Number of protein chains: 2
Amino acid sequence: MTEVVRAPDRHRGPTLKDVARLAGVSVATASKALNGRSEVHPETRQRVIDVAERISFTPNTLARSLLVGQTGTVGLLTNDLEGRFSLPILMGAEDAFGTGKMSVLLCDARGDAIREQYHLRALLGRRVDGLIVVGSSTDPRPSLGQELPIPVVYAYAPSADPRDASLVPDNVAGGRQIVDHLVATGRSRIAHVSGDSAYAAARERAQGVTEALAGAGLPLIGGQTFYGSWTEAWGRSATHALLDQHPDIDALVCGSDQVARGALEVLRERGVKVPQQIAVTGFDNWEVLSADSRPPLTTVDMGLEALGRLAAERLFAAMDGRPTAGEERLPCRVVVRGSTDAGL
Amino acid sequence: MTEVVRAPDRHRGPTLKDVARLAGVSVATASKALNGRSEVHPETRQRVIDVAERISFTPNTLARSLLVGQTGTVGLLTNDLEGRFSLPILMGAEDAFGTGKMSVLLCDARGDAIREQYHLRALLGRRVDGLIVVGSSTDPRPSLGQELPIPVVYAYAPSADPRDASLVPDNVAGGRQIVDHLVATGRSRIAHVSGDSAYAAARERAQGVTEALAGAGLPLIGGQTFYGSWTEAWGRSATHALLDQHPDIDALVCGSDQVARGALEVLRERGVKVPQQIAVTGFDNWEVLSADSRPPLTTVDMGLEALGRLAAERLFAAMDGRPTAGEERLPCRVVVRGSTDAGL
DNA sequence: AAACGCTCCGAAAACGGTTTCGGCGAAGTT
DNA sequence: AACTTCGCCGAAACCGTTTTCGGAGCGTTT
């Protein structure tokens, strides 16, 4: 009559029952001994611990989760694993979680809503305690809905629904900060070459640039932001055109480090000294591009790891019954290098 | 007498019991209905399905896992989440898994053995069905040991223990391939500037370069591989030195795309035409560096996503009772761009 | 009318832990 | 000597699901 159900092949490791049997106690006592509860004689406890160690007993987290209703796992739903934005966020989150005893279940939806829905169900089925959704651009994305049984935090790409909690870098402030830096170091004839205007990030940064210039009473040389694509090639051609029409600029704000690299190359080619004649700035602080160029690029760091950590903290708070809502904008940081400061 | 144990606060979602009650059947029947088993009347089945849909029932995977002894989860233990090598591998693995119903539990040990051990225990406790360990360089790393209850596959960084299954890119062949390409396109005076010689990758690639040159009966100009660091700065200074001493080279094989970018910049500065006078090659096919340079870089792609996919497949095979062992070297692929072919 | 086969359903065991609560000695109290 | 107190331990419920196996109901055959 016993053993009606039996997984046929699978080798299972030692269980608490085995520990209990070998230590000559009940499973209840074994459990209490291993979990440091008080109602166990020290000697008995040691015996249990020794046995557990000896047979290398590893408690089955699943069983515990099933009972207590929490898994100690969070889902990380990303939309571009290859992108350079998800990664630091993921690291920051892993960091914040790792110190405790949370694990991260990673899913990549690749921008496909169907796949996203599929992964969502999988995560829900695995009873994750919370969810971080990270997008590939700062453009708002559809909400996962308000009906989910677990808290959700959106990182980098905010949710379109203001009832959700979203964390995004403050691109507008970033644009302002970089212009403030240039103005503070004596530049006054500033132009702005950015990337693809379809990206909210490009428009937001341009807005910041415009605001800061207006605040300083300075003109935007060229009269507009020159949008193009997030490539070195665009940076090169835009810089050529700009220099032809406005040879008197003394600073060039670029929408990304890639664009700035293109600009740097053309300026060098045309014999323009950076930063003496023209200062150049990037955006993103993508180190492989910005740290080792000639001269190294002054750029804006969006602090994505901090954003990831904060996302984890917001999630913790929500799981703890203290949810937040709305879009939270995190400050950027200007990283000053040689392209704006001859001393570096 | 009922409800002795009760999780106090946690809101639990609808369970199979709820579905069964609302559909007027037993849990056994409800389970069978939802899982498409045959011994259920079509009408009953539909009723159950409708109820499940209506109350948005999500089966608790944990309970199932506990019973059948498999979780449908694999652990991904990485050592540099920020590095550019882990990511494609992770994507490839996620890809291979995602099609089925596997989930990925991600841990970043950051090169710290303690943290690695800690994460390993967490993964074991969560009863992952298998483990992929991905390192940050192709240097061998210590084995996790043979005593683990689940199969392990090492990716990118091989295990030092030959009994383990390891998957690495074939750097030696990559070095050979790039030289073969140069020789085939008419180059004969070839020099090699690489990165940090402490990396196995640098030494292996150099070995391939040397072998291929010897095979073609050609000398390595300069008489040696010039090791330095994986930076543009090193690429620049090495190229200057090389041109001063050997102005007659017609090809420069670089150990990475970063080094190649530095070389490209110096060649342009010194008025040397690439590829007409000197061909330049990189390694890694890091697109942000190689695809948009002037000219675009011919480079070697290590096929890391394929490596990740294969790691997943090897893991599946092992979980299925067909383990592999030893170090498997995966082929690289030369990506031809303008820096070696004037037509591009 | 009895025997049989078939379809559909439900009781119950099982997975591996945690927690509650009652029991049992031994020591202390009166 | 009887009663209380206290420390330590174990039986059993419980989490949510799957699977087995017996049984009920019903139609068909001899």
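Each chain gets a letter, A, B and so on, in the order the sequences are listed, and its residues count up from 1. It should be emphasised that the depicted structure is a prediction, and the values quoted were computed from it without experimental measurement.
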Criterion side chain to side chain donor-acceptor pair (under 3.5 Å) against A:Asp80, the qualifying member of A:Ser137, A:Ser136, A:Ser86: A:Ser86
Can B:Arg110 and A:Asp95 be said to form a salt bridge (charged side-chain N to carboxylate O under 4.0 Å, His left out), step by step? CA-CA 10 Å; B:Arg110 299 168 199 213; A:Asp95 196 15; 3.7 Å; yes
Return no unless some side-chain N or O of B:Ser31 is found under 4.0 Å from OP1 or OP2 of D:dT18. yes
Is it true that A:Arg329 and A:Glu327 make a salt bridge, defined as a side-chain N closer than 4.0 Å to a carboxylate O? yes
Within this structure, what is the CZ-to-C1' distance between A:Arg64 and C:dG16, rounded to whole angstrom? 13 Å
Between A:Arg37 and A:Leu62, the residue closer to the 5' end of DNA chain C by nearest nucleotide is A:Leu62
Any base atoms under 4.0 Å from A:Thr61, or only sugar-phosphate, or nothing? Heavy atoms, all strands. nothing
Output yes when at least one side-chain N/O atom of B:Arg12 is less than 4.0 Å from OP1 or OP2 of D:dG16, else no. yes
Under 4.0 Å, heavy atoms only, any strand: does A:Ser65 hit a base, just the sugar-phosphate, or nothing? nothing
In whole angstroms, the gap separating C1' of D:dT18 from NZ of B:Lys17 amounts to 15 Å
Between C:dC24 (C1') and A:His41 (NE2): distance, integer Å: 16 Å
Side chain of B:Ala28 - closest among C:dC9, C:dA12, C:dG17: C:dA12
Would you say C:dC8 has OP1 or OP2 under 4.0 Å from some side-chain N or O of B:Thr44? no
Treating A:Asp129 as the side-chain partner and A:Val74 as the backbone partner, does any N or O pair qualify as donor plus acceptor under 3.5 Å? no
Among B:Leu106, B:Val134, B:Ile132, whose side chain to side chain contact (heavy atoms under 4.5 Å, CB included) with B:Leu90 holds? B:Leu106
Report the distance from atom CZ of A:Arg21 to atom P of C:dG16, rounded to the nearest whole Å. 13 Å
Side-chain atoms of A:Glu39 come closest, of C:dT18, D:dC9, C:dC9, to D:dC9
Give a yes/no on whether any side-chain N or O of A:Thr29 is located under 4.0 angstrom from OP1 or OP2 of D:dG10. yes
How close or far is atom P of D:dC9 from atom CZ of A:Arg47, stated in whole angstroms? 8 Å
May I have all residue pairs that pass ring-ring contact (aromatic ring centres under 6.0 Å, His included) and include part of residues 48-103 of chain A, sequence neighbours excluded? A:Phe85-A:Tyr156, A:Phe97-A:Phe316
Measure from the side chain of B:Ser26, starting at C-beta and using heavy atoms only, and say which of D:dT17, C:dG10, D:dC8 lies closest. C:dG10
Under 4.0 angstrom between A:Asn60 side-chain N/O and C:dC15 OP1 or OP2: no
Whole-Å gap separating C1' (C:dG16) and CG (A:Asp18): 11 Å
Tell me: CG of B:Leu34 to C1' of D:dG16, nearest whole Å? 13 Å
Check every strand shown and say whether B:Thr15 touches a base, only sugar-phosphate, or nothing at a heavy-atom separation below 4.0 Å. sugar-phosphate
Which of C:dC9, D:dG16, D:dA11 is nearest the side chain of B:Ala63? It is D:dG16
Heavy-atom nearest nucleotide on DNA chain D taken for B:Lys32 and for B:Phe57; more 5' hit belongs to B:Phe57
For A:Gln70 and D:dC14, give me the distance from atom CD to atom P, rounded to whole Å. 21 Å
